[in-house]
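Since the structure comes first, as structure tokens, the remarks are kept for the end.
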Amino acid sequence: MTDSLDVAALTAWLDRAAAVLEREKARLTELDAAIGDSDHGVNMARGFSAVAAKLAGAPPADPAALFKTVGMTLISTVGGAAGPLYGTLFLQAAGQATGKPALDAPALAECLKAGLAGIVQRGKAEPGDKTMVDALGPAVAALDAAAGASLPQALAAAAAAAEAGMMATIPLVARKGRASYLGERSVGHQDPGATSSFLLLKALADTAAG
Amino acid sequence: MTDSLDVAALTAWLDRAAAVLEREKARLTELDAAIGDSDHGVNMARGFSAVAAKLAGAPPADPAALFKTVGMTLISTVGGAAGPLYGTLFLQAAGQATGKPALDAPALAECLKAGLAGIVQRGKAEPGDKTMVDALGPAVAALDAAAGASLPQALAAAAAAAEAGMMATIPLVARKGRASYLGERSVGHQDPGATSSFLLLKALADTAAG
Amino acid sequence: MKKLINAPEAVVAEALAGMAAAHPGLIRVETDPAFVVRADAPVRGKVGLVSGGGSGHEPMHGGFVGRGMLDAACPGAVFTSPTPDQMLAAAKAVDGGAGVLFIVKNYTGDVMNFEMAAELAAAEGLTVDSVVIDDDVAVKDSLYTAGRRGVATTVLAEKICGGAAEAGLPLAAVADLCRRVNANGRSMGMALTACTVPHAGKPSFTLADDEMEIGIGIHGEPGRRRVPLEPADRVAEMLMEPVIEDLPFRTGDEVLLFVNGMGGTPLIELYVLYRKAHEIAERHGLKVVRNLVGSYITSLEMAGASITLLRLDADMIRYWDAPVLTPALRWGA
Amino acid sequence: MKKLINAPEAVVAEALAGMAAAHPGLIRVETDPAFVVRADAPVRGKVGLVSGGGSGHEPMHGGFVGRGMLDAACPGAVFTSPTPDQMLAAAKAVDGGAGVLFIVKNYTGDVMNFEMAAELAAAEGLTVDSVVIDDDVAVKDSLYTAGRRGVATTVLAEKICGGAAEAGLPLAAVADLCRRVNANGRSMGMALTACTVPHAGKPSFTLADDEMEIGIGIHGEPGRRRVPLEPADRVAEMLMEPVIEDLPFRTGDEVLLFVNGMGGTPLIELYVLYRKAHEIAERHGLKVVRNLVGSYITSLEMAGASITLLRLDADMIRYWDAPVLTPALRWGA
Ligand SMILES: Nc1ncnc2c1ncn2[C@@H]1O[C@H](COP(=O)(O)OP(=O)(O)O)[C@@H](O)[C@H]1O
Ligand SMILES: Nc1ncnc2c1ncn2[C@@H]1O[C@H](COP(=O)(O)OP(=O)(O)O)[C@@H](O)[C@H]1O
Ligand SMILES: [Mg+2]
Ligand SMILES: [Mg+2]
Ligand SMILES: [Mg+2]
Ligand SMILES: [Mg+2]
């Protein structure tokens, strides 16, 4: 059990995320087939496997450098809507992480908050639009609320909130991204981006849990 | 029961043939799908319905004129291999019918013999090549052999021989027409053209039988 | 999944390699990052036209690179927007000193990636403008959603702006013309079958033998509604009426009528559809002075079609008629 | 059966009407008897090129009518040879005083109908020659059978002879060139799916998800053998090897490589196939100096492809490169 995540721990998180996304590729693709274009799983798996390879090839000096590498790699390998959005998340997080050798719960909360703000600025999605924002928003709120808790506890709470947010996308009518073209027909389907956001936060919580 | 077929009887035959081919269109098409290109049924039905319409519109003066009309109509409406072949049959038959107000069994035998010769000259098929020749050849032979019989008996024998010839195409390897492209894979399938030849002769026999 | 491919992850790169081998005189294919570029790029003094998008819509966009049309096209993975580094590299490769225009189909991913690329390009001192195409009347336009999709009008915009750029028009004029094309083009599509994204390995949706989807896009996504299969003439009405009403097109308008196949529909059927679409256009008093019939913006092997009407002005006609020499569209050159 | 059609018996006529509406400047469509003819026919002093065959192979042949290619094309019912009266009427319509060449694909029906037409034309005083194309190496050639089928080399013959006729070559020279193209062209095809003849209403054969047919023709007929589905690169080998061996093509030969789609296969897959076919050609020392990639001779909505190699001589190259202005092939004009 740790109180903060250094470059090694963050790298372990992203390696784990790459493995999880590879494993969940088919499921994410299936979710995207229902209300999108069947590529979210393969896009995310491709991007995070590139991230893992990049980090292994040239280990970054600090969390800020790591986040920057992750963001740039995602932007140049994921494509689609998810690439710029997740890329922006990590680039904004890098700004918050600047100068810090390791990130504790409040620092991680700042990073995620800035990342989410970047996503909203890029994508203009509001809560309830049936996007990744609906998983990330509750996660940020949960991290804030868990101010006194240990890092693993705080991250577990964030992942749980993301999961709840992800489930809550099911009854929504999509108003952003491809699913919006379906109008009412998007109801009853879980948003793929909210799902990948949950998987990333779950991988983070699992990493912190050791 | 008649001893010879005049224009009215021959027209009745061709009307009956048109009806039979319309009814058997799907079966002929299916036979052609197996070893050809799925059009023999619709080609024959189109051609003979045009023949029936033509004969109804302008009744010919004698059997020769009738056969010539039938031949020309088939050539310009059937297309594919069957059009020129059946067209040639009737044009050659017209030559043999010239000057005759009605056709008795020997005359019909001459007509069919000349028609078959025309088909062989156009199409170069030999007996056993798995074509309409394998139904028409035995029919000509049966008509010849039935020299002493009544017209209905002679035509019934010809139709029976055509049917046997048609069945005998099943085990053959096709050497002419589209089925030849299949080589050994054509074995086990009944030739569509032999089948339409049988149907035409059967309609003729049925017409003569009254 | 029955496809003439080797492996899902290799499709795009291998198809690009095939294009490079087939059209060495017209295009070059760069691989890292990936883009298709005119063999003679950059053309000094000419506005550079760059487009791009997910693969699976061939010949769009790579097949439209060449004299009189695009200077470069950035291919993404199948149905996945390409990335800003591709667009930036393409922009640099085609910049002949007169600026670069990005022609972007309105999908969240495409728009965001091209936006990022435009920011990066501006930071490197390039002059870049962007036009977003959003012509699909199947999608209700709204400020609160991603808006309309960009579909077949894109092909017309690329040809017309390509002609204008080749003629030496400055960036502002080419971009203005592109916006005019978008403002005057409307499309609607339908599907008889779904398509299979290679990676997904199974069809994006399934349609019964007696069903069709109306209001599909070009990404194998389901459409606005599923309805009983109808004869081609009825399908033509179902696509033409919303297209005509939307602009609206009016009696006397000179139009280009574009009947587009989705990849798995053969030309004989497209002509059957064109016949009725043309008749409907004339019934509404439209003058069909130009047309295009064929599979130019596709959705893998999907069977189906889309219909586009573009209200033409004199510039559009002039640049539509201008010579074009690309793998997929070629005339006068 | 899922098709964009109205009724099986109306498909051919309605598609022709669509073509007529779409290409008024290039072609006219006559209906009784039916043929597609150059808008400016007859061209005085020019050899008239006439081809034709069953419908369902679009754009062949009607899409190849126009300046620099065919003068007329006679469409039959789907997969059914047209009739002599069509061919005779077409020959008369295009006869500019320099004679008429019939380009005939080697199918019993086509050959016999064109033979009859040639007899009728001769009887009316026209000078007619005929060339039969039989390039399909999937069929064993033999004196005792109908011989080889005519497939994709037909497209190349029509373009090359069209160029030669446009250049003013006399009938004997155009016919000789056509025979040379046929003698130097070889093709082989394969299918991933069957197609459905509209009248038949169901597929001509069925293939399991893991099967393909090798050695198909263009009429939805089964091929020479059914084999397990293979990756595109292996398919390229399976088509290229018999084609190369047959002529045989030899190191140093200059060739045109034509990868053709059967109607339901999208361009992205054709380029994947082209990539490997080109590589195989080069491995054999062939110089691929011209090529064509696209769906030009199809089998309704069949998914699949064929590969054609044509050994070129200087005349063939010159007339291949010559301008062509038809609905489906267009360059330099
Ligand atoms: N404007 C947006 N803001 C936030 N998230 C979005 C937006 N548009 C799409 N998304 C997210 O992106 C996901 C789809 O990503 P992906 O399938 O990779 O891209 P694409 O839609 O371009 O194919 C959606 O499920 C949604 O969560
Ligand atoms: N050379 C030939 N001689 C005699 N009959 C032939 C020959 N070629 C084909 N046929 C007959 O024609 C029939 C096929 O006719 P059809 O399907 O109408 O024409 P196509 O083969 O042109 O599609 C075959 O079943 C066969 O009986
Ligand atoms: Mg997606
Ligand atoms: Mg047939
Ligand atoms: Mg996508
Ligand atoms: Mg046929």
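Letters A, B, ... are given to chains in the order of the sequence lines, protein chains preceding strands, and every chain is numbered from 1.
Ranked by heavy-atom pairs shorter than 4.5 Å toward chain A, the options C:N113, C:T108, C:V139 are led by C:N113. Most heavy-atom pairs under 4.5 Å with chain A, from the set C:E115, C:K202, C:M112, C:E221: that is C:M112. Between chain A and the residues C:G220, C:G53, C:G217, C:P84, the most heavy-atom pairs under 4.5 angstrom are made by C:P84. Counting heavy-atom pairs under 4.5 Å between each of A:G79, A:A81, A:G36, A:G80 and chain C puts A:G80 at the top. Among the candidates A:A26, A:G87, A:G177, the residue making the largest number of heavy-atom pairs closer than 4.5 Å to chain C is A:G177. Ranked by heavy-atom pairs under 4.5 Å with chain A, the list C:P222, C:A200, C:G201 is led by C:P222. Counting heavy-atom pairs closer than 4.5 Å to chain A, the top residue among C:E9, C:E213, C:R148 is C:E213.
Using a 4.5 Å cut-off between heavy atoms, A:E30 contacts chain C through its side chain alone, with no backbone atom that close. With a 4.5 angstrom heavy-atom cutoff, C:V111 does not touch chain A via any of its atoms. Residue contact with chain A, scored on non-hydrogen atoms closer than 4.5 Å, involves the side chain of C:A77 exclusively. Using a 4.5 Å cut-off between heavy atoms, A:A34 contacts chain C through its backbone alone, with no side-chain atom that close. Interface remark: A:R122 contributes backbone and side-chain atoms alike to the contact with chain C (heavy atom separation under 4.5 Å). For A:T29, the part lying under 4.5 angstrom from a heavy atom of chain C is the side chain only. Both the backbone and the side chain of C:Y107 have a heavy atom closer than 4.5 Å to some heavy atom of chain A.
Both tests pass for C:R149 against the ring of A:Y181: distance under 6.0 Å to the centre and angle within 45° of the axis.
Below 30°, between 30° and 60°, or above 60°: for C:H219 and C:H57 the angle between ring planes is above 60°, a perpendicular geometry.
Inspection of the C:E58 and C:T298 side chains reveals no N or O donor paired with an N or O acceptor under 3.5 Å. Checked by atom type, the side-chain pair A:K25/A:H40 shows no donor-acceptor distance below 3.5 Å. Side-chain contact of A:N43 with C:T80: a donor-acceptor pair under 3.5 Å is present, judged by distance alone.
By the neighbour-count criterion of 12 heavy atoms within 6.0 Å, atom CE of C:M1 is densely surrounded, having more than that number from other residues, nucleotides or ligands. Within 6.0 Å of NZ on A:K100 lie more than 12 heavy atoms contributed by other residues, nucleotides or ligands.
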Would you list the atom pairs, donor with acceptor, under 3.5 Å between side chains in residues 88-95 of chain A and any protein atom, with sequence neighbours excluded?
unit_1	atom_1	unit_2	atom_2	d
A:T88	OG1	A:P84	O	2.6

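In this structure, the side chain of C:T265 engages the main chain of C:G304 through a donor-acceptor pair within 3.5 Å.
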